[in-house]
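Data block below; observations after.
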There are 2 protein chains.
Amino acid sequence: MSITDDEARTLLRESALRATAPRLAVLRVLAEAPNPLSHTEVLECLGKTDWDPATIYRNLIKLRDAGVALVASHAHGMDRYELAHGDGHHPHFVCEGCGRVACLPAGLTASMSMEGPWATSIQNAMVQLRGECPDCLAKA
Amino acid sequence: MSITDDEARTLLRESALRATAPRLAVLRVLAEAPNPLSHTEVLECLGKTDWDPATIYRNLIKLRDAGVALVASHAHGMDRYELAHGDGHHPHFVCEGCGRVACLPAGLTASMSMEGPWATSIQNAMVQLRGECPDCLAKA
DNA sequence: ACGTTGATGCAACTCAATTGCATTTATTTG
DNA sequence: CAAATAAATGCAATTGAGTTGCATCAACGT
């Protein structure tokens, strides 16, 4: 997946966010990433820039707060962001070994009978399938 | 839920873990807690003791590694532990507001059509239903 | 172009998680 | 039952993600 500069600017305008250079770059990195990325990983994807890490960090927060991105996983103590595509929620695979997070196809169906005080609180669901990724399995 | 001293010692012996005072205490706290607890929360439940926080921390790790406990949630950057009861996996509710994690009844069924390299990697599933807990809803 | 308001750079700080090492202690063994 | 041994603990220090204050700068609505 990728995103054009115009698409990115439109997306930001719709969310009342200013189209700054680092913000557009973060948006592009997230759009092109096959998996959710942590702050550190976003920095790596950006390569050498003269943008402050805190700026990238704040942009991830902003995008998340605006609903443009979301935190797909907190695994291994790291927030990993992905764009909030309209394609609904999909499950993720989380490697217990290296912590990598991969998107899985949305072929999961779930039904739940929920009662009590929590029922009205539930806003969304997060499904993580966990285990050792192919790489980590190979090492062992 | 609670646990007797004998049950705790047996459980530890089966896992080849020594029955030390802090370890038994951690086990008891986890057994009595209605929700998954973070390291900090375990310390709070223990009250004033002369055990080092690092000791409690390492005990949580040990119990997890031994399969006696598991990390039910990484929400809000904190690992929250619960005993790995035989009652299979149950979903959790995670409050986006305060980060509290609550156990939900295991009334969730899911089916998944999975192919490709990940299929063989999947060892277990984690389901989190997210939103604002009754307390946080009340504040807003 | 101009002003308002949001964004950035820099630096510092918080807090959970983690580790090294010397000492103590629960279990194993003779 | 005491010595041996491997694990657990206490203490102190470190890592690293996440977060924030503040002065400066720039996007964009008028």
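Letters A, B, ... are given to chains in the order of the sequence lines, protein chains preceding strands, and every chain is numbered from 1. All of these numbers come straight from a predicted model, not from anything done at the bench. Heavy atoms only: backbone and side chains are in, while hydrogens, waters and symmetry mates are out.
Not one side-chain nitrogen or oxygen of A/Thr55 sits closer than 4.0 Å to the OP1 or OP2 atom of C/dA7. Proximity of B/Tyr57 to the phosphate of C/dT18: a side-chain N or O atom is located under 4.0 Å from OP1 or OP2.
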Interface polar pairs with nucleotides 10-13 of chain C, N/O, under 3.5 angstrom:
from   : atom 1 : to      : atom 2 : distance (Å)
C/dC10 : N4     : A/Arg58 : NH2    : 3.2

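Proximity of residues 19-34 of chain B to DNA chain C (heavy atom under 4.0 angstrom from any strand atom) is restricted to B/Ala19. Taken residue by residue, residues 69-81 of chain A places heavy atoms nearer than 4.0 Å to DNA chain D at A/Gly77, A/Met78, A/Asp79.
Remark on the helix from C/dA1-D/dT30 to C/dG30-D/dC1: inter-end axis angle 40°, axes from five-pair C1' superpositions, rounded to 10°.
The side-chain contact (heavy atoms from CB on, under 4.5 Å) check on B/Cys45 picks up B/Val29, B/Leu37, with sequence neighbours excluded. Taking the side-chain contact (heavy atoms from CB on, under 4.5 Å) definition, one finds that A/Ser38 meets it with A/Thr40, A/Glu41, A/Met78, A/Arg80, sequence neighbours left out. The ring-ring contact (aromatic ring centres under 6.0 Å, His included) check on A/His39 picks up A/Tyr57, with sequence neighbours excluded. With sequence neighbours left out, B/Asn35 forms a side-chain contact (heavy atoms from CB on, under 4.5 Å) with B/Ala102. For A/Ala125, the side-chain contact (heavy atoms from CB on, under 4.5 Å) partners two or more places apart in sequence, or in a different chain, are B/Leu129.
Across all strands shown, B/Thr40 has heavy atoms under 4.0 Å from sugar-phosphate atoms exclusively, and none from any base.
Other cluster members for B/Val94: B/Val101, joined by side-chain heavy-atom distances under 4.5 Å among Ile, Leu, Val, Met, Phe, Trp and Tyr. Hydrophobic cluster membership of A/Met126, counting Ile, Leu, Val, Met, Phe, Trp and Tyr whose side-chain heavy atoms lie under 4.5 Å apart directly or via other members: B/Met126.
Among pairs with a residue in residues 54-74 of chain A, none fulfils salt bridge (Lys or Arg N to Asp or Glu O under 4.0 Å), at least two apart in sequence or across chains.
Within the 4.5 Å cutoff, side-chain heavy atoms of B/Asn124 are placed close to those of A/Glu96.
For the pair B/Ile56 CD1 and D/dT9 P, the computed distance is 8 Å after rounding to whole Å. As rounded to whole Å, 15 Å separates atom C1' of C/dT18 from atom CG of B/Asn59.
Relative to the side chain of A/Ile61, the nucleotides D/dT19, C/dT4, C/dT8 differ in distance, and D/dT19 lies closest.
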